[in-house]
Amino acid sequence: MAGTMDILIREMTMEDYKQVYALWTEIKGFGIRSIDDSEQGVERFLRRNPTTSVVAVQNGRIIGNILCGHDGRTGCFYHVCVAKKYRNHGVGYRMVRAAMEALQKEGVSKISLVAFKSNQVGNAFWQGIGWQEREDLNCYEFVLNEENITRFVK
Ligand SMILES: CC(C)(COP(=O)(O)OP(=O)(O)OC[C@H]1O[C@@H](n2cnc3c(N)ncnc32)[C@H](O)[C@@H]1OP(=O)(O)O)[C@@H](O)C(=O)NCCC(=O)NCCS
């Protein structure tokens, strides 16, 4: 890695899928879902949210990603990641800014995301860039499809 000045942040398209998926499989602790994160799953997500997900690219190689969408009201980030050797050079922050600007263009006023309490690096990042941790909320979910199995990257 010569530096990070030449890293471009741009919108993610389906052409990026294979490289993005390969990157996810390198991120320790990531949960990859058999349906949501499959090629068809991500295609469905990007069709609904065509302008808000981003990749970080150096010399044609994808080294960072945020899957970002919204429901017309709240924006949501998934799979925020930077390849290990490119971390701590502001790439994550630049991707967050780009996704935030894309959401603002869509008229969205707020973003929420989930971080495992045990994810020290992730929580330090969100706190470091000034995001508000909500301690007054419980997070609820209801599984609609048991076949959407999560595999954690070791
Ligand atoms: C979280 C992640 C995307 C951050 O990407 P990054 O490119 O390293 O982050 P940046 O260099 O843009 O950091 C921006 C700020 O976040 C904070 N920060 C980032 N990593 C940090 C760490 N390990 N410890 C403490 N603060 C940290 C700092 O305030 C930093 O600002 P500074 O460089 O001026 O000090 C990256 O560490 C990663 O991919 N981690 C594994 C996946 C993950 O945990 N994702 C989050 C899921 S919720």
Seminar exercise, completed: In terms of heavy-atom contacts, Thr4 and Arg94 come closest through O-NH1, 3.7 Å
Seminar exercise, completed: Ile63 and Leu23 have their tightest heavy-atom pair at C-CD2, 3.8 Å
For this session: Measure the spacing between CG of Leu67 and OG1 of Thr52 and express it to the nearest 0.5 Å.
Result: 9.0 Å
Exercise. Do you know the tightest heavy-atom contact between Leu103 and Gly69?
Worked result: CD2-O, 3.9 Å
For this session: Could you check Ile27, Asp37, Ile149 and say which one makes a side chain to side chain contact (heavy atoms under 4.5 Å, CB included) with Ile32?
Result: Asp37
Problem set entry | From CA spacing to verdict: side chain to side chain contact (heavy atoms under 4.5 Å, CB included), Met12, Ile62 | CA-CA 10 Å; Met12 177 186 171; Ile62 291 175; over 6 Å; no
For this session: Could you walk me through whether Glu133 and Gln127 pass side chain to side chain contact (heavy atoms under 4.5 Å, CB included), step by step?
Result: CA-CA 7 Å; Glu133 182 186 350; Gln127 283 160 20; 3.1 Å; yes
Seminar exercise, completed: Output for pair (Phe30 CZ, Cys81 SG), nearest 0.5 Å, gives 4.0 Å
For this session: Output every pair passing side chain to side chain donor-acceptor pair (under 3.5 Å) with a member in residues 12-23, not counting sequence neighbours, ordered by first then second residue.
Result: Arg10-Asp16
Problem set entry | Heavy-atom closest pair, residues Thr150 and Gly31 | CG2-CA, 3.6 Å
Exercise. Which residue pairs pass the ring-ring contact (aromatic ring centres under 6.0 Å, His included) test when at least one of the two sits in residues 134-154, sequence neighbours left out?
Worked result: none
For this session: Report the C-alpha separation of Phe77 and Val114 in whole Å, then their side-chain angles, then the decisive distance to 0.1 Å, and conclude whether the side chain to side chain contact (heavy atoms under 4.5 Å, CB included) test is met.
Result: CA-CA 8 Å; Phe77 284 179; Val114 171; over 6 Å; no
Exercise. Once you round to the nearest 0.5 Å, how far does CD of Glu39 lie from CE of Met14?
Worked result: 4.5 Å
For this session: On the 0 to 90° scale, with breaks at 30° and 60°, tag the Phe45-Tyr78 ring pair as parallel, tilted or perpendicular.
Result: perpendicular
Problem set entry | Side chain Asn145, main chain Glu147, donor-acceptor under 3.5 Å | yes
Seminar exercise, completed: For His70 and Glu106 the tightest heavy-atom approach is NE2-OE1, 2.9 Å
For this session: Keeping the roles fixed (side chain from Asn123, backbone from Phe116), state whether a donor-acceptor pair exists under 3.5 Å.
Result: yes
For this session: List the atom of Ala56, the atom of Ile7, and the distance in Å for their closest heavy-atom pair.
Result: CB-CG2, 3.9 Å
For this session: List the steps, then state whether side chain to side chain contact (heavy atoms under 4.5 Å, CB included) holds for Cys68 with Val54.
Result: CA-CA 8 Å; Cys68 166; Val54 297; over 6 Å; no
Exercise. Would Thr51 and Glu11 count as having a side-chain donor-acceptor pair, cut-off 3.5 Å?
Worked result: no
